[in-house]
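All chains are named by letter (A, B, ...) in the order of the sequence lines, taking the proteins before the strands, and each is independently numbered beginning at 1.
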Amino acid sequence: MSRKSEEGKGSIKRLDPPEEERRKYLKTVGGLVVGLAVGGAAGWLSRAPETVEVPGPTTTVTKTVTAPITPTPTPTPTPTPTPTPTTPPAPLELNFYTTGHSGFYYDVGRLGWKPIARYMEQNPHIKINTFVDSFFDVYTKEATVFAAGVYAWDAAYTWGAILAEFSEHWTPLDEMGIELPKEVQDDIVPYSKNAVYWKGHWYGLPRMLEIFNLMADADALDAEGLTFPTSYEEFLECCEAVHDPPRRYAFGVGLKEGYLTPPYLCFLHGNGGSLWKDDAMQTVVPDSRESIRAVEDMVYVYENYMPPAAIEKIAFVEACVEWWRGEYVFGLFYPWITMVVTDPESKVKRVYPWLWPGKKGVVRSGSEVACEGYCIPKTAIHKGAAWDFIQYLNSREVQVQMSLNMFWKQENEEPIPTRWSYMTDDRLKEYPYNLIMRASLAALKYKANRYERPHYMAYAGAIEAEVMNALTRKKTPEDAMKDARERCDEILEKEYATYGGGYYDPWPDTQKYSSRIDDLLKQIPVEEPYIFPE
Amino acid sequence: MPRFNREVRDALKFLLPFFVFLGVFTVYPIIASFYYTLNDITLSHLKPEFIGIDNYAKLFSDKLFRQALTQTLLYLAFHTAVGVPLGLGIALLLNEEFRGRSFARACLLIPWSTPPIVAALTFFISLNPSFGPITYALEQSGIFPFQFSIFGDPDLALFGLAVVSLWKSAPLFAFIFLSALQNLPIEAVESAKVYGASSFMIFRKVTLPFLKPTLAVNCILSGILALSGTQAFDIVVGITGGGPGYHTYMLYYLGYMTAFPWNDLGYGSTISYIVTIIAVVFATVLLKLWYKRA
Amino acid sequence: MRKWRVKRVAIYIGAIAVVLFTLTPYILMIFTSLQREVDLTSRPPFPFKSVTFTLDSYAYILSYEPFATGFLHSTAVAVMTTAFVLLAGSLGAYAIARIRFPGRNFLFNMIVIVYMLPALAMLIPIVVSLKILGILDTFIGMMFAHSIILLPLMTWFLIGIFASVPGDIDEACRIDGYSRLKSLFKMVIPLTKLGFLMILVFSFINSWNDLMFANTVGIVKIKLLQPRILEFMSGARVLYTQMAAAGILSSLPVVALSIILQKQIVKGIMRGAVK
């Protein structure tokens, strides 16, 4: 008995005998029921342990920050000291949310030093559940979680824009009765404050600090008899001397949108420019004279000294492999690509990392800095424990270990420590970390704002798109940046109406640390060839 | 009369789960999201401020919206005008008898079932100007310049995305056409052959009219996919992120960026509604055309 | 005779082109996942140079716990979503296809419109509804979220599929004493088994591939698979080979499902997928 008409022939469909029907009916319905059951069972089996929603926790914390600011002589991990409890602490679970590029999530760190695992060993009653999302998703995820107002995490990832925009959803430390001692506040690099400090309140502690440097293949420069450029003009001369495509390009950096703002800021600051004005609204001015010049410089460098493919390279992702193969002489990025010297297979044997030079007579250097931190959402349950954990992540041992984890390939964004007092840890004085620390410290003496403010993402999107239009010669730099200014003005209006200006600018504070930076530089030894004019 | 009531009662019983579900999860979100479009509201604060039709008025003066609209319509046109006929061609081809036909048919399902992010990444790598195998091969052939970029070129990027989405869609259309072709009444084809009609005539007079409904379905599907499906969003996210310089911004992606990273939920929702309006218009026009001929 | 031969050759060339067209990107992806990153991102690319292949990326992904969890959760959600959509959808589609009730045509047109609604704009209200019902970040909640888009579309397809079965068959069942429900399950669905299969595959694939709800409805308890692939792509960091391996592994179930069922599906379904 055919069950269906044979292919292409319009014969009448025959009905099955009752037995067949029953079987088919049972099969179909049974299949559906089984499907639901299996799905439900799998789901039930793999569910995370239930967490009880506790409305509005009001834990007041009596512990104060006690992370030492003087260097400890022995590099053994110091657990955050807690007042000795009279009864064993009740077991608790902390939910910890971070991005995929942060080292804390990398419990597969190359050096095998696993910060979260260690914390759990030291505190056996605490279980930390780590949740990771790509940086692209973090924003949407935190936004929807805060909008829904549910408990999700006790300690969560922040950087300047997220903190500012969602400030009402994070718990200020003073609300928890915590006051950061002055020594600690002074010990934190001001650029790192953006990630955890908003309108007079502290919300957490920073986890990373990175600053753009210019890196050069030392042997390539030496072979041409060139010294490391101390001005932008000298830099162009060096490029001209070493540029030899397609065997070797003078300059390598990724220019794809999404990560175009950092190099742009380097060029901007190197021209003596500033992204926002010092007026009441802190107006964003991508069409300033300095900014237009910066974009013109970028177009010139791209067309003359970079491979055409750079337009599609994401930051330094692919560029780092070409750097490792000796195809670039100069690189502009976070200084961990200096670590290429630790890889015997690298074609680059020695690296000179130093300042991105500014225009002669204008400014010595200009850079860009990135920082991230961890704060405590309002809906967190174990706020006290979260604060302990955040302090641990900012402790000397953890910060130094994460820095030691730097690698020339971008597995994760490993940084330099966020505290001045950690930067001269003995382990960071060893080659090649000493080069990285010195280059970063020197760069910190110059303007490197990331200009984080509530609508940073919108501004960055607008500016990057127009810089790209200039790079692809769709518009002249001037027209492009004027269009960028138009959009920025629209964004500014809304931002000011909601947040009222007064966003923290770390540069004025950072300037006060100039002499301290000089002290630190003196404390980090370096060999002769690696001493550059400051 | 009693019979009528029983019918209606039956219908209601059957439709109950359907209605309940959609009522809870569609009606409220539609009303709420429409309400957002009439307000100034951000995700970070969720405190609506009524502004009437200001968001809609803003659409007219927004340069980026106009650019995204143009790009969306181009994309939609290309996706449908090229994708659907391509699908038809593939279906006709795979309807012929030849060895390995089942294998070829099975292959049709791979683009469709590949997760969009995976598809996007594949093309991003394969067409990378620096190390993509396809671009390298084209370069070596001498026709294309050194390290030529598709997704980094403002004029080519949208076209590149359209090709990627075609890869995902055309096999799906082919599949639907192929399934419909199985029911093509053989007698009509046989009798046409007896009367001496050429293959082409058979196609025009027998196959094509038979496929008209399927054609309409595929066109509507193409429209929806190109406007708000994975072809519109995931592929843009995975490859160009709207770049270079806004040249691959499409309305759905613009709606997302506006609502989320740029934190203007009201205006972003408005843009998303425009996408819906375009989809409805597109489908309505297509259905009207189809009804007229049928 | 020659014309026939030319046609045969043309058919084979066309078929090979189709196979290459559909398979090449996927195969390139497989090769990407088997390379080392330093080989992948340098010129000339494979296959223009010889590379050492390695399974390291796969080892990494398979030992990466969130990936395994994601696989499990995505499977659970996809299965549940498919079952729910098929059940609710076939009931609703049957009513619309068979029973004449007031508002029937209006409902039919409305269903298609729902599919075209801006899911993005509705995202936040959906999240809020789920939260109010207490099912945010649960399997049921995720199932509902996925069904919001799928249910209308699948019902629309099912209406067409059911409409292709002549009404006399139903009448015959009713006369024999079956209720409408029974006649649906015993008669109509088995006759349209193949169309049903296609809906099943379609629902599963769409639920599996979802990104939007995966990240917003799934917070800490529900971790779906697709966002895990994106993890390897950051603003500044892209682990291509790991992403490729994750992508291949995550596409295996849906690709396998489609291929296994393709024979059944192609053999004469979508009979009147349009009314």
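- When heavy atoms are compared at a cutoff of 4.5 Å, B:Tyr35 does not approach chain C at all.
- Using a 4.5 Å cut-off between heavy atoms, B:Phe103 touches chain C through its side chain atoms alone.
- Using a 4.5 Å cut-off between heavy atoms, B:Ile31 makes no contact with chain C at all.
- In this structure, C:Met198 and B:Phe175 have side chains that are in contact, with non-hydrogen atoms separated by less than 4.5 Å.
- Taken from CD1 in C:Ile229 to CG in B:Leu121, the straight-line distance is 9.0 Å, to the nearest 0.5 Å.
- B:Phe123 touches chain C through its side chain: at least one heavy atom from C-beta onward sits under 4.5 Å away, while N, CA, C and O do not.
- Interatomic distance, B:Trp112 CH2 to C:Ile205 CD1, rounded to the nearest 0.5 Å: 4.5 Å.
- Contact annotation for B:Leu22: only side-chain heavy atoms (C-beta onward) come within less than 4.5 Å of a heavy atom of chain C.
- By the 4.0 Å N-to-carboxylate-O rule, B:Glu139 lies close enough to C:Arg43 to be salt-bridged with it.
- In this structure, chain C has heavy atoms under 4.5 Å from both the backbone and the side chain of B:Thr114.
- The shortest distance between side-chain heavy atoms of B:Ser130 and C:Thr41 does not fall below 4.5 Å.
- Here the two rings, on C:Tyr26 and B:Trp167, have centers that are 6.0 Å apart or farther.
- Expressed to the nearest 0.5 Å, how far CG of C:Leu230 lies from CD1 of B:Ile117 amounts to 4.5 Å.
- Proximity to chain C (any heavy atom under 4.5 Å) is shown, for B:Ile30, by both the backbone and the side chain.
- With a 4.5 angstrom heavy-atom cutoff, C:Ile96 touches chain B only via side-chain atoms.
- Using a 4.5 Å cut-off between heavy atoms, B:Leu181 does not touch chain C at all.
- Classified by interplanar angle (parallel below 30°, tilted 30° to 60°, perpendicular above 60°), the ring pair B:Phe98/C:Tyr12 is perpendicular.
- Summarising the geometry, atom CD1 belonging to C:Ile27 is positioned 8.0 Å from atom CD1 belonging to B:Ile110; distances are rounded to the nearest 0.5 Å.
- Contact of the C:Pro118 side chain with the B:Val275 side chain is not registered, since no non-hydrogen atoms from C-beta on lie closer than 4.5 Å.
- For the atom pair C:Ser129 OG and B:Phe25 CZ, the distance stands at 6.5 Å (nearest 0.5 Å).
- Contact annotation: the side chain of B:Pro17 approaches that of C:Leu91 to within less than 4.5 Å [non-hydrogen atoms, C-beta and beyond].
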